[in-house]
Amino acid sequence: EIDSTPALTSDDNLVLEMTQLSSDSVDDLSPLIVEGTSETNHDLAYPTSDRPKPTWFRQMSNELSEGWTTHIGSIGYLGSVSIAVNSLTGPAMLNLPDTFQRAGLIPTILTLIFVAILSSLCCLHMSNTISKVRGNGNFRKEIEYSETFEAFWGHKSFIGTQILFFLCISCLNISSIVDTSQVVDTFLGHWFPGGSAALYMYWDEGPHAEFIRWSYHSCSQEILEAGDCVPFADDGDVGHHLTIGYAICVLVFLPMALMDLKENAAWQVLGFVVLLVCSVIFVIIFMLEGLNTDYISLWGTSWGTLFGVILFNYALVIAVPAWLYEKEPTVDVPKVVNGSAILSTILYVLIGALGAMTMPHASQNMLESMMSGTFGIVMQICASVFAFFIIGLGIPLFCVLKRMNLTGKEMLSKSHANLFAVYLPFSISWLFYTGDWVTQLLSWGGMIFTTLVAFILPVLISLHTLEETDEPGSVLIYGSWDFTEKSSQATALKVLLVLSVLASLAGLAGNFVG
């Protein structure tokens, strides 16, 4: 006589559940069920722990077990604001005093406010779209920029946005590396005996290379006051310089670029604190030097690169997908995005406008004027610290964001992604060290890649998901005035899209005219 029945395997349970889908099968099995539960055959009944579980029960168990292993972000409000503000105060910030002098006080301030609002709305719409990905309402899934497009638009959009995202951040990355390297060389040229040094490579009926030196003593007082004392600029555009400043930049920031976003958050907080302290010092020094309104006009005379440079300043959306995954659940998305945009705009106006009123001929890189010595030693040191920590710490952040997008959907392994996201920009940026390369990179890169990645594409994907899904998302974009009807949301998105396109066309037209 059999005392007990062995526990059913998972395969046996699966077969039993499949047979229960048919009413005929249930009828056929009814005698067995009756027999198995009869008093005479009570020992043949399934033990309670071994009975097949209903489908709904197994689904609930899987969701609960998945919840125990779900990723929970660890970046709080301070780290979040630091990452956002540091993403906004990039290399294009250095052009603002020159932009104020060229484009005028009123057009520049109005453009800053307009683009800040545009950027915040695009970031919030992108965040809301990411929350619409199945099971990601609380941002516990790692959904990077390009993965968002694949989830709603297919694999071709994933590849296309990968290319655009890579080019957009590469422009920011190369500009940051060049600007930081030039500041380090300027510091060495001013404070170290013999100045800075470089390996100068050029072509003159064959390849040539020579070791050269540069110091501040090579610049006249007139050049210093004009802010045009740029390291190794006298050699023109006929060759390329591999400088000591560039080597120091690589040694310091390349290891940081190999870290993840959580590890970089602490450095970003340090950079944020330095930004606030240096900005206060800059404002005080500008005020003490005396503001001359003759250096800046209300309406300006040249608006060619106005939109290109300012759009480049507000590329916050590139950091949003990675940050959403790593932030703490209690961190409010609209507060961080809107607050960071407001704070950055205030800093832009203060540093840009006051700097333009203090420098008679602001350089396209304001640090060149600040480090010339005409504003005293405090300004020189503060400008050096500002560049190294603010512009410099943007380098590893851009590398991390680019790597995280490349590893999305396991397109590349982390080691292969590092080749493109980290080692490639550090390997080629020295080619852009001298000449007008960086200015063109800012202007054209800001106009083409940044407007697409940070403004136009987020609105397009938001409009598409609005039409394709009824999922509302978890981000309140317009606060207490948030729209509930699909038609009103679609109208708002279409207006935002038109404004983004117009801003892009303004940058394009300005580049050709300018």
Side-chain angles (χ1 to χ4, degrees), residues 66-90 116-145 147-148 151 256 259-276 314-347 390 393-394 396-398 400-401 403-405 408 454 458 461-462 465 471-482:
E66 183 181 353
W68 289 105
T69 59
T70 298
H71 168 84
I72 298 179
S74 58
I75 300 178
Y77 270 105
L78 179 59
S80 298
V81 172
S82 300
I83 291 174
V85 173
N86 292 349
S87 298
L88 289 166
T89 54
I117 296 173
L118 205 64
S119 173
S120 296
L121 290 174
C122 290
C123 289
L124 294 176
H125 275 293
M126 187 69 182
S127 301
N128 197 48
T129 301
I130 293 174
S131 73
K132 293 181 180 181
V133 176
R134 179 186 289 267
N136 196 44
N138 51 8
F139 303 112
R140 292 189 179 182
K141 290 185 177 181
E142 186 174 5
I143 307 297
E144 297 300 330
Y145 185 89
E147 290 178 275
T148 307
M256 296 184 191
M259 300 178 181
D260 59 28
L261 188 61
K262 288 184 292 186
E263 294 170 328
N264 260 286
W267 291 103
Q268 299 305 318
V269 171
L270 174 62
F272 178 64
V273 173
V274 172
L275 170 67
L276 296 180
Y314 286 94
L316 176 58
V317 77
I318 63 175
V320 165
W323 163 69
L324 289 174
Y325 178 65
E326 296 292 353
K327 75 176 184 67
E328 292 180 354
T330 56
V331 174
D332 185 66
V333 176
K335 285 184 180 179
V336 172
V337 171
N338 294 329
S340 301
I342 293 172
L343 176 59
S344 299
T345 303
I346 293 173
L347 292 177
I390 306 307
L393 285 175
L397 177 61
F398 295 140
V400 170
L401 297 176
R403 180 181 65 236
M404 293 180 72
N405 198 57
I461 190 64
S462 299
T465 54
E471 176 64 39
S474 60
V475 177
L476 290 177
I477 300 170
Y478 302 98
S480 57
W481 295 282
D482 212 18

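Just so you know, these numbers use all the heavy atoms, side chains as well, and skip hydrogens, waters and symmetry mates.
- The two residues Leu393 and Trp267 come nearest to each other via the heavy atoms CD1-O, 3.3 Å.
- Of the possible donor and acceptor atoms, none in the side chain of Asp260 sits under 3.5 Å from a partner among the backbone N and O of Asn264.
- For Lys141 against Arg134, the heavy-atom pair with the smallest separation is NZ-O, 2.8 Å.
- Counting only distance, with no hydrogens or angles, the side chain of Arg403 and the backbone of Met259 share a donor-acceptor pair below 3.5 Å.
- Minimum heavy-atom separation, Val269 to Gly79: CG2-CA, 3.9 Å.
- The side-chain heavy atoms of Val333 and Val320, taken from C-beta on, include no pair separated by under 4.5 Å.
- Taking all atoms of both residues into account, the shortest heavy-atom contact from Phe139 to Leu324 is CB-O, 3.5 Å.
- Across all non-hydrogen atoms, the minimal contact from Leu401 to Ala322 is CD2-CB, 3.8 Å.
- The side-chain hydrogen bond (donor to acceptor under 3.5 Å, both in side chains) search around Ser340 returns none, not counting sequence neighbours.
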What do the steps show when you test Tyr77 against Thr330 for side-chain hydrogen bond (donor to acceptor under 3.5 Å, both in side chains), and what is the final call? CA-CA 9 Å; Tyr77 270 105; Thr330 56; over 6 Å; no
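- With 3.5 Å as the limit, one finds a donor-acceptor pair spanning the side chains of Tyr314 and Thr345.
- Inspection of the Ser344 and Thr89 side chains reveals no N or O donor paired with an N or O acceptor under 3.5 Å.
- Asn128 places a side-chain N or O within 3.5 Å of a backbone atom of Val475 that can act as its donor or acceptor partner.
- The ring-ring contact (aromatic ring centres under 6.0 Å, His included) search around Phe272 returns none, not counting sequence neighbours.
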